[in-house]
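For clarity, every value in this text was computed on a predicted model and none was experimentally measured. Note that these values count all heavy atoms, side chains included, but never hydrogens, waters or copies made by symmetry.
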Amino acid sequence: MTSWTEELTRARLHVVSGKGGTGKTTVSAALALALATGGRRVLLVEVEGRQGIAQLFDRAPLPYSEERIASAPGGGEVHALAVDAEAALLEYLAMFYNLGFAGRTLRKMGAIEFATTLAPGLRDVLLTGKVKECVNRTGPDGRHVYDAVVLDAPPTGRVVKFLDVTKAMADLAKVGPIKGQSDGVVRLLHSGDTAVHLVALLEEMPVRETLDAVTELDGADLRPGAVLVNRVQPVRLPARSLPVAAEGRLDESRVRAGLRTAGLDLDEFTLEGLVDETVEHAIRVRSQQEAKELLSESDLPTLELPDLTDGVDVAALYELAEALVAAGVR
């Protein structure tokens, strides 16, 4: 496992993506808590309309406003925002065109849905535009309101398209406020202030999709950050025993003798079950090791998060955040 880098510490927007089922939202929440540790103020944003953040923190569905949802060790705070494309468009119309009342009328007419259907890229522009506004917002003292923003982004299969708003805007606007807004988004996403982290499991398909995503991000001039390997299971066998166990060549008599030395005398049925579990564990460990070797091709910082056998609740999020802090996240 490698550590968080100084370059990643300087990033202010942390985009988190991953293949579906890897625990992307859970890792996003843990990362937000880790970044907030030590007294920082962090905003956790979701854009897919799933209310995943509210579910993780055992809260009612989040409104379209920034809500404080957790405290972090050392006096930090995590706030959360569920961005809604329609609400973002109304906000945009009010901000740039002074069309607050007209915007509400448009919503009743269904014009907003029509607009985003007519220009599908507009939805992503609105969502990323709101994220940009949160990252850049400053208070009366001129300091950023949030020390960092964590974005729970779409899965790896479409994250580059979501982030690469340059292409979407080419067909939407050449001049005017929306062009200026999109240019600001492009500058942020393609700058050193943004890092795109990828959540993976130590399995062949998630690892290969992660490597494909790194290549795609590089091709779009978007900066890959760290690979956050989720649900890593501990190795419970000595290294010398793994190859033998993975090949199913365990000597039951030696296992029985070792157990008796430890004061355990198991019946035949229980012993056979224990041997079978040992073989399965060794095969799983060998598979994890092969996935790690494949993942090393990315040449990115790789941080591991433990497998939580009791499921994910708020306490588990703090446990994962603690593991990230131990790996250097700050």
Does the side chain of [Y] come within less than 4.5 Å of [X]'s, by heavy atoms?
{"X": "L228", "Y": "L324", "result": "yes"}
{"X": "V145", "Y": "H79", "result": "no"}
{"X": "K130", "Y": "L81", "result": "yes"}

Verify, without hydrogens or angle tests, whether [X] (side chain) and [Y] (backbone) share a donor-acceptor contact under 3.5 angstrom.
{"X": "R137", "Y": "Y146", "value": "no"}
{"X": "R256", "Y": "L266", "value": "yes"}
{"X": "S17", "Y": "T156", "value": "yes"}

To the nearest 0.5 Å, what is the distance between [atom1] ([X]) and [atom2] ([Y])?
{"X": "L242", "Y": "T278", "atom1": "CG", "atom2": "OG1", "value": "10.5 Å"}
{"X": "R284", "Y": "L202", "atom1": "CZ", "atom2": "CG", "value": "12.0 Å"}
{"X": "R40", "Y": "L33", "atom1": "CZ", "atom2": "CG", "value": "12.0 Å"}

So that I can tick it off, tell me whether [Y] and [X] are bridged by a salt bridge, with the cut-off set at under 4.0 angstrom between side-chain N and carboxylate O.
{"X": "E216", "Y": "K161", "answer": "no"}
{"X": "K292", "Y": "E304", "answer": "yes"}
{"X": "D265", "Y": "R260", "answer": "yes"}
{"X": "E48", "Y": "K24", "answer": "yes"}
{"X": "E203", "Y": "R208", "answer": "no"}

hydrophobic_cluster_shared for L264 and L274, side chain cutoff 4.5 Å: yes
Nearest heavy-atom neighbours spanning I53 and V45: CD1-C, 4.1 Å
Parallel, tilted or perpendicular, as decided by the 30° and 60° cut-offs, for the rings of H197 and H14: parallel
D267 atom CG, neighbour heavy-atom count above 12 within 6.0 Å: yes
Criterion side chain to side chain donor-acceptor pair (under 3.5 Å) on T25 and D152, from CA distance to verdict: CA-CA 6 Å; T25 300; D152 179 14; 2.6 Å; yes
